[in-house]
K.L.:
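Just dropping this structure here.
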Amino acid sequence: MGIDMHDGSAPPAAWQRAAAVTSPAELLSLLGLDPRLPALDFERRRDFPLRVPRGFVERMRRGDPHDPLFLQVWPATAEAAQAAGYAADAVGDLARLKQGGVIHKYRGRALLIATGACAVHCRYCFRRHFPYGDTLASRGGWRDALAQLEADASIEEVILSGGDPLSLADDKLSALVAGLERIPHVRRLRLHTRTAVVLPERVDEALTTWLTRTRLQKVVVLHVNHANEIDPAVTDAIARLRGCGATLLNQSVLLRRVNDSCETLALLSERLFDCGVLPYYLHLLDRVQGAEHFEVDETTGVRLMAELAARLPGYLVPRLARELPGAPAKTLLSW
Ligand SMILES: *Cc1c(COP(=O)(O)O)cnc(C)c1O
Ligand code: SF4
């Protein structure tokens with residue numbers, strides 16, 4: 001995995017040169033954590049190694065093995081647990097994935113697996129076992145993906161996902177957008193990205209230029225799980241995205257010990273709104289192998305939502321949702 005390195009056709013952008021921490025020992029040392037602490041035992045997972053941008057490490061509290069940002073990236077030994085009901089493809093996406101990386105599950109919206117790469121490796125991620133190799137939309141200059149989108153006039157919105165679409169270089173992304181603009185029935189472009197949060201320098205001039213120019217309506221759905229992820233650099237990156245004319249939303253995953261309290265969720269919603277971002281979904285964890293230690297059960301999730309609704313204006317309360325294979329939309333668990 002890792003982010004898309006430049007292919008020699010242009011000098012690498014600053015975000016492509018930014019180094020990530022990939023060594024567990026280095027991460028512990030940066031955070032002043034004692035590797036002998038039992039809580040810090042880890043698994044060396046070659047299939048999904050530690051990966052975290054340095055700027056994100058700087059937002060973690062020093063000396064705290066329970067820091068909510070650290071827990072999201074630390075390859076704990078608990079990942080090796082084989083829990084019943086936890087599968088490699090938790091949401092049934094493989095069955096729906098067409099050649100060209102297109103997943104068309106919901107009416108009017110098609111999702112493109114643009115790339116398998118991510119700037120950060122989130123340990124709870126449901127795509128960690130995805131066999132991306134054969135199916136990426138970016139292969140062959142997007143030809144297969146564009147042909148499929150063109151052939152189905154019901155598709156009005158194209159969602160770029162992954163992995164993280166902002167792992168791709170801007171020449172690839174702007175080529176895709178140019179292709180989408182030539183399809184008359186496509187009206188909206190949505191980006192699902194965590195890179196803009198963990199690596200805010202990714203939102204550079206090359207990106208904002210093509211995003212501003214497109215005729216498509218733009219929605220950017222960020223992925224922030226905890227208010228501590230939002231530092232001044234992230235606030236600025238969000239302002240740049242809004243300056244492109246994009247509507248900004250956020251989706252989070254409800255994660256044990258990371259954000260499973262009303263206080264933490266309320267603070268997150270308020271910080272997001274300070275930056276001009278509305279909370280959209282709070283997802284219950286997809287039951288993916290190796291992520292069981294992050295699970296918050298549905299009853300607790302519903303109770304947290306009731307507490308949150310009693311505390312915040314309605315527009316700051318995200319929708320608690322779970323993805324069930326075969327359903328016509330995300331399944332909402334709170335009103
Ligand atoms: C989540 C998802 C969407 C978008 O659903 P919204 O409810 O519109 O946010 C579209 N396609 C797929 C395959 C999805 O998983
Ligand atoms: S949650 Fe998003 S950013 Fe994190 S590893 Fe999964 S796809 Fe990548």
K.L.:
Please check if the side chain of Asp204 supplies one atom and the backbone of Leu207 the other of a donor-acceptor pair under 3.5 Å.
P.N.:
yes

K.L.:
Decide whether Asp297 and Thr300 meet the rule of one side-chain donor and one side-chain acceptor closer than 3.5 Å.
P.N.:
yes

K.L.:
Taking side chain as C-beta onward, heavy atoms only, is Thr235 less than 4.5 Å from Arg271?
P.N.:
yes

K.L.:
So which atom in Leu320 and which in Gly301 form the shortest heavy-atom distance, rounded to 0.1 Å?
P.N.:
CD2-C, 3.5 Å

K.L.:
Step through the shown structure and confirm whether more than 12 heavy atoms of other residues, nucleotides or ligands are within 6.0 Å of CZ on Arg311.
P.N.:
yes

K.L.:
Could you tell me the separation between the CE atom of Met305 and the CG atom of Leu254, rounded to the nearest 0.5 Å?
P.N.:
9.0 Å

K.L.:
Would you mind checking if Arg187 and Glu156 are paired as a salt bridge, meaning a charged N to carboxylate O distance below 4.0 Å?
P.N.:
yes

K.L.:
I'd like to know if the side chain of Arg240 reaches the main chain of Thr208, judged simply by a donor and an acceptor atom lying under 3.5 Å from each other, with no hydrogens or angles considered.
P.N.:
no

K.L.:
If you group Ile, Leu, Val, Met, Phe, Trp and Tyr by side-chain heavy-atom gaps below 4.5 Å, do Val258 and Leu267 land in one group?
P.N.:
no

K.L.:
Would you say the side-chain atoms of Arg17 pair up with the backbone N or O of Pro12, donor to acceptor, closer than 3.5 Å?
P.N.:
yes

K.L.:
Donor-acceptor check, side chain of Arg215 to backbone of Glu181, threshold 3.5 angstrom: yes or no?
P.N.:
yes

K.L.:
If you count heavy atoms of other groups shown closer than 6.0 angstrom to CZ of Arg107, is the number above 12?
P.N.:
no

K.L.:
Between atom CD of Glu229 and atom CE of Met60, what is the distance when rounded to the nearest 0.5 Å?
P.N.:
9.0 Å

K.L.:
Do you know the tightest heavy-atom contact between Pro200 and Arg59?
P.N.:
CD-NH2, 3.5 Å

K.L.:
Can you tell if the side chain of Phe70 reaches within under 4.5 Å of the side chain of Leu40, non-hydrogen atoms only?
P.N.:
yes

K.L.:
What's the separation between atom CG in Leu31 and atom CH2 in Trp74, rounded to the nearest 0.5 Å?
P.N.:
9.0 Å

K.L.:
For His226, does its backbone N or O pair with a side-chain atom of Asn259 as donor and acceptor, under 3.5 Å?
P.N.:
no

K.L.:
Mark yes or no for whether Ser269, through its side chain, and Ala266, through its backbone, hold a donor-acceptor pair below 3.5 Å.
P.N.:
no

K.L.:
What pair of heavy atoms forms the shortest contact from Pro24 to Leu50, and how long is it?
P.N.:
N-CD2, 3.5 Å

K.L.:
Side chains of His104 and Ser154: closer than 4.5 Å at any heavy-atom pair?
P.N.:
yes

K.L.:
Hey, are Arg54 and Glu26 close enough for a salt bridge, meaning a charged N less than 4.0 Å from a carboxylate O?
P.N.:
yes

K.L.:
Can you tell me how far CD1 of Ile230 sits from CG of Leu268, rounded to the nearest 0.5 angstrom?
P.N.:
6.0 Å

K.L.:
Just by modelled atom types, is the Gly163 backbone N or O under 3.5 Å from a matching donor or acceptor in the Thr115 side chain?
P.N.:
no

K.L.:
Working to the nearest 0.5 Å, report the span between SG of Cys125 and CD of Gln72.
P.N.:
11.5 Å

K.L.:
Any side-chain heavy atom of Asn228 sitting closer than 4.5 Å to one from Arg61?
P.N.:
yes

K.L.:
Thr193 pairs by side-chain contact (heavy atoms from CB on, under 4.5 Å) with which of Val220, Val198, Val221?
P.N.:
Val220

K.L.:
Hey, does the side chain of Ser161 reach the backbone of His192 with a donor-acceptor pair shorter than 3.5 angstrom?
P.N.:
no

K.L.:
Of all heavy-atom pairs between Pro65 and Leu71, which one has the smallest distance, and what is that distance?
P.N.:
O-CD2, 3.6 Å

K.L.:
Between Asp164 and Thr195, do the side chains contain an N or O donor and an N or O acceptor separated by less than 3.5 Å?
P.N.:
yes

K.L.:
Just wondering, more than 12 heavy atoms not from Phe273 lying within 6.0 Å of its CZ?
P.N.:
no

K.L.:
Carefully, step by step, assess Leu241 and Leu191 under the rule side chain to side chain contact (heavy atoms under 4.5 Å, CB included).
P.N.:
CA-CA 11 Å; Leu241 288 168; Leu191 300 176; 5.8 Å; no

K.L.:
Has the side chain of His121 got a donor or acceptor atom that lies under 3.5 Å from a matching backbone atom of Pro49?
P.N.:
yes

K.L.:
Is Asp260 reaching over with its side chain to a backbone N or O of Arg257, donor-acceptor style, under 3.5 angstrom?
P.N.:
yes

K.L.:
Does this structure show an ion pair linking Glu295 with Arg287, if we count only N-O contacts that are shorter than 4.0 Å?
P.N.:
yes

K.L.:
If you measure from CZ on Phe42 to CD on Glu79, what distance do you get to the nearest 0.5 Å?
P.N.:
12.0 Å

K.L.:
Which atoms form the tightest heavy-atom contact between Tyr281 and Ala321, and what is the distance?
P.N.:
CD2-CB, 3.8 Å

K.L.:
So does Arg62 have more than 12 non-hydrogen atoms from other groups sitting under 6.0 Å from CZ?
P.N.:
yes

K.L.:
Could you tell me if the side chain of Leu160 sits less than 4.5 Å from the side chain of Leu189, heavy atoms only?
P.N.:
yes

K.L.:
Using side chain to side chain contact (heavy atoms under 4.5 Å, CB included), reason through Arg109 and Arg190 one step at a time and then give a plain yes or no.
P.N.:
CA-CA 10 Å; Arg109 290 148 290 169; Arg190 195 192 317 183; 3.8 Å; yes

K.L.:
Under 3.5 Å, is there a donor-acceptor pair between the Glu323 and His283 side chains?
P.N.:
no

K.L.:
Is any side-chain heavy atom of Leu316 less than 4.5 Å from a side-chain heavy atom of Leu272?
P.N.:
no

K.L.:
Return the minimal non-hydrogen interatomic distance between Leu312 and Glu270, and the atom names on each side.
P.N.:
CD2-OE2, 3.4 Å

